[in-house]
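A quick write-up on the structure given underneath.
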Amino acid sequence: MLGESILEGMNPEQRRAVETTEGPLLVLAGAGSGKTRVLVHRVAYLIGVCGIPAEAILAVTFTNKAAGEMRERVTKLLGPAAEGVWVTTFHAACVRILRREIGHLGLSRGFAIYDEDDSLAQVKEALRRHGLDPKLNDPRRLRWRIDQWKNAGLLPSEAARSARDLDDELASEVYATYQRLLADANALDFGDLILQTTQLFERFPEVAAHYQRRWQYVMIDEYQDTNRVQYKLVSQLAGEHRNLCVVGDPDQSVYGWRGADLRNILDFERDYPDTAVVKLERNYRSTQAILEGATAVVANNRARKDKRMFTERSGGEKIWRYEASDERDEAQFVIRQILTAAREEGRAYGECAVFYRTNAQSRPFEEELLKYNVPYVVVGGVRFYERAEVKDALAYLRAIVNPADPMALRRIVNSPPRGIGKATLERAETLAAERGLPLRQALALVAESGEAGRVGPKVGAFLELLSLLSREVTSLGPAEALARILERTGYLAHLEREGTPEAEGRLENLRELLAGAEDFAAANTSSPGDERSPVELFLDQVALVSDLDAYEGAAERVSLMTAHTAKGLEFPVVFLVGMEEGIFPHSASIRDPAGLEEERRLCYVGMTRARERLILSCARERRRYGSHSFATPSRFLSEIPSSLTRGADFEPSPARD
DNA sequence: TGTGGCGGCGCGACA
DNA sequence: CGCCGCCACA
């Protein structure tokens with residue numbers, strides 16, 4: 001009965017993917033083939049039909065948004081029976097495990113999670129400790145290299161052993177120092193969340209055994225985007241029961257730069273020789289021309305598993321093409337098409353999306369949309385939680401929760417300005433490094449010592465304010481805590497005094513932060529058995545949340561985002577803009593064959609987001625870095641058979657089906 | 001110590 | 001072009 005309703009309306013392949021519950025299973029799911037549906041129904045089938053307890057199931061995705069959607073749909077199918085199943089991201093799963101188990105690795109449970117900026121600052125500090133000049137050794141490059149090692153699952157010692165040139169040797173030494181600084185700060189970066197979890201499982205088999213026993217059924221979404229260390233983690237988790245289902249599409253692998261490794265799919269069939277393979281090749285999303293055009297582009301890749309996508313949505317419009325004179329003309333064309341579609345076809349703005357290769361390309365579109373008063377949303381770019389004022393406010397919470405972390409302290413020590421400048425901070429830093437003290441204690445020494453002159457009392461007052469806040473705030477929810485902090489520190493007053501439009505914008509962002517904290521508290525009433533405070537849970541959430549997660553697709557606004565961000569979404573009308581050599585494919589990948597193939601897959605991803613109408617545009621001339629340059633139409637455009645395309649005119653569009 | 005001006009450089013995508 | 005970091009000056 002329940003089984004019938006769970007399997008209802010599924011095609012034979014989808015059905016097979018749902019019903020094959022035991023043993024390793026590889027689902028090759030093309031774009032728009034109903035992959036999420038299969039995952040959701042598979043979870044429901046396991047619980048509702050096979051009688052597997054919800055706690056024994058783990059489903060992992062890459063974004064919180066995807067996890068949230070999946071959780072919602074499972075709950076809709078099963079009701080309360082779905083409670084206890086873990087549907088989460090790699091990073092959130094690891095944080096939850098590490099918050100319980102990190103003691104084994106010598107850190108404490110209140111560890112901080114560093115974002116890219118924090119991490120970069122620690123790399124700079126590591127360089128300083130090595131006496132290296134940051135101008136000669138680009139910190140960003142080093143951070144990148146360390147991240148690559150982490151994605152590959154290599155610790156500093158292993159990185160040092162694998163180093164084949166002087167650059168890597170030096171980088172591995174910086175890596176070692178960087179890790180020591182993080183440990184001293186009781187902090188982990190993004191890469192560590194995964195890497196340290198695999199370390200935990202490797203070094204403490206009894207801990208690994210606990211989680212292996214718990215999760216009898218493991219599912220991994222977007223498997224083509226996993227990197228080596230995630231592969232290792234998955235093996236560790238599913239090693240005992242081997243009921244491992246991975247779902248992916250090699251043609252949509254677009255995170256090579258993040259360490260994603262297509263070998264994971266090949267190795268999967270090698271490591272689990274009894275793997276069942278299911279191919280989902282029927283596309284339910286796009287019209288024929290769109291699907292054929294996208295397939296024709298990706299077919300130019302050499303490193304590729306053969307796959308034949310098909311759709312029954314024959315007919316529909318051809319793919320539109322437009323060659324603009326420059327980026328302004330391109331943006332005007334796009335807005336004109338959106339306005340026409342709204343006026344003449346009754347389309348909502350929310351049905352339209354603009355995808356570009358790089359975030360910097362959003363500007364002309366934003367300007368035109370503003371000019372014509374068309375509501376829009378830019379998804380991605382500078383994350384909300386990375387804005388300076390938001391990070392400042394959160395840093396107070398972090399400094400209270402994790403007193404060992406110098407990063408939070410550095411941020412807040414002089415914001416709002418309280419007369420503790422660079423010189424004072426440097427004196428404390430040096431003291432901390434020399435004596436092996438936490439920065440906070442070094443600051444206390446500075447406050448006590450008379451030699452510091454008049455700054456001593458100021459530092460003392462700051463530390464006192466901090467401990468006062470700790471006492472006041474620990475029992476409060478995140479919103480009340482933040483409000484109290486912004487008040488007591490004079491942060492709000494300082495911004496209000498400025499009175500500039502920029503300051504007003506910052507105040508607005510802080511109000512948004514408070515609203516977000518309230519929403520969080522409302523949605524996360526403390527569950528019994530969770531010994532972490534609401535403030536701590538809130539900090540985890542903001543460390544792991546992305547711009548996309550908060551994005552509401554249904555809103556009556558045009559969506560602007562990169563092709564990467566668009567992955568997993570779909571829209572009736574899609575504009576893929578800036579289709580020029582050097583932009584898409586990007587100049588950094590153009591000479592490297594593997595890089596070029598990844599660009600092509602990204603193009604495939606962008607095109608297959610469209611349900612009914614796909615418009616590709618390029619500009620003959622474009623301003624970059626403030627100067628003009630001529631552009632050639634992207635090679636990807638010429639890879640679409642001309643029988644599938646038409647140059648865009650401005651007549652009313654043909655009838656739709 | 002805080003601020004404002006200037007010069008240099010970057011824009012590749014992300015949890 | 002726009003942002004960040006550095007330096008001169010109040």
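Proteins get letters first, then strands, A, B, ... in listed order; numbering begins at 1 in each.
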| Hey, are R506(A) and E502(A) close enough for a salt bridge, meaning a charged N less than 4.0 Å from a carboxylate O? | no
| remark: Testing dG12(B), dA15(B), dG2(C) for proximity to the side chain of R363(A), the answer is dG2(C)
| query | So does T424(A) get a side-chain nitrogen or oxygen closer than 4.0 Å to the phosphate oxygens (OP1/OP2) of dT1(B)? | reply | yes
| query | In whole angstroms, how far is the P atom of dT1(B) from the CD atom of E426(A)? | reply | 10 Å
| task | Report yes or no: do Q252(A) and Y604(A) form a side-chain donor-acceptor pair below 3.5 Å? | result | no
| request: Let me know, please, whether A360(A) or S546(A) comes out on the 5' side of the other along DNA chain B by nearest nucleotide. | output: A360(A)
| said: From CG of L596(A) over to P of dA13(B), roughly how many Å is that when rounded to an integer? | reply: 18 Å
| What's the closest nucleotide to the T63(A) side chain, out of dG10(B), dG12(B), dA15(B)? | dA15(B)
| task | May I ask you to say what A423(A) touches in the nucleic acid, namely base, sugar-phosphate or nothing, with a heavy-atom cut-off under 4.0 Å? | result | sugar-phosphate
| Within the structure, does a side-chain N or O atom of N227(A) lie under 4.0 Å from either OP1 or OP2 of dA15(B)? | no
| request: Using a strict 4.0 Å threshold on nitrogen-to-oxygen distance, state whether R363(A) and E327(A) make a salt bridge. | output: no
| Quick one: which of dA15(B), dG2(B), dC11(B) gets closest to the side chain of R258(A)? | dA15(B)
| OP1 or OP2 of dC4(C) sitting under 4.0 Å from any side-chain N/O of R140(A)? | no
| request: Would you please say whether a donor-acceptor pair under 3.5 Å links the side chains of D592(A) and S589(A)? | output: no
| task | Indicate, with a heavy-atom threshold strictly under 4.0 Å, whether E599(A) touches base, sugar-phosphate, or nothing. | result | base
| task | Indicate, with a heavy-atom threshold strictly under 4.0 Å, whether Y255(A) touches base, sugar-phosphate, or nothing. | result | sugar-phosphate
| dG12(B) phosphate, OP1 or OP2: any side-chain N/O from N359(A) under 4.0 angstrom? | no
| request: Could you check which of dG10(B), dC14(B), dG12(B) has an atom nearest any side-chain atom of T562(A)? | output: dC14(B)
| By centroid distance (under 5.5 Å) and plane angle (under 30°), are F190(A) and dA15(B) in a stacked arrangement? | yes
| field | H586(A) ring over dA13(B) six-membered base ring, under 5.5 Å and 30° | value | no
| said: Ignoring hydrogens and geometry beyond distance, is the side chain of S589(A) in donor-acceptor contact with the base of dG12(B) at under 3.5 Å? | reply: yes
| message | At 4.0 Å (heavy atoms only), tell me whether R383(A) reaches a base, stays on the sugar-phosphate, or touches nothing. | response | nothing
| T565(A) vs dA13(B): side-chain N/O to OP1/OP2 distance below 4.0 Å | no
| query | Do D405(A) and Y114(A) get their side chains close enough for a donor-acceptor pair, meaning under 3.5 Å? | reply | yes
| task | Would you classify T89(A) as touching base, sugar-phosphate or nothing, given that sugar-phosphate means primed atoms plus P, OP1 and OP2, and contacts are heavy atoms under 4.0 Å? | result | nothing
| message | Quick check on DNA chain B: between H494(A) and S587(A), whose nearest nucleotide comes earlier from the 5' end? | response | H494(A)
| task | State whether R383(A) and D115(A) are salt-bridged, where the test is any N-O pair (Lys NZ or Arg NE/NH1/NH2 against Asp/Glu carboxylate O) under 4.0 Å. | result | no
| To the side chain of P417(A), which of dG12(B), dG10(B), dG2(B) is closest? | dG2(B)
| task | In whole angstrom, give me the gap between the P atoms of dA13(B) and dC4(C). | result | 15 Å
| Using centres under 5.5 Å plus planes under 30 degrees as the test, is W257(A) stacked with dG12(B)? | no
| said: What is the separation between atom NZ on K422(A) and atom C1' on dG5(C), rounded to the nearest whole Å? | reply: 9 Å
| query | Just checking E116(A): base, sugar-phosphate only, or nothing, at a heavy-atom cut-off of under 4.0 Å? | reply | base
| message | Closest approach to the side chain of A588(A), judged atom by atom: which nucleotide of dC11(B), dA13(B), dG12(B) is it? | response | dG12(B)
| message | Please confirm whether the ring centroid of Y211(A) lies under 6.0 Å from the ring centroid of F201(A). | response | yes
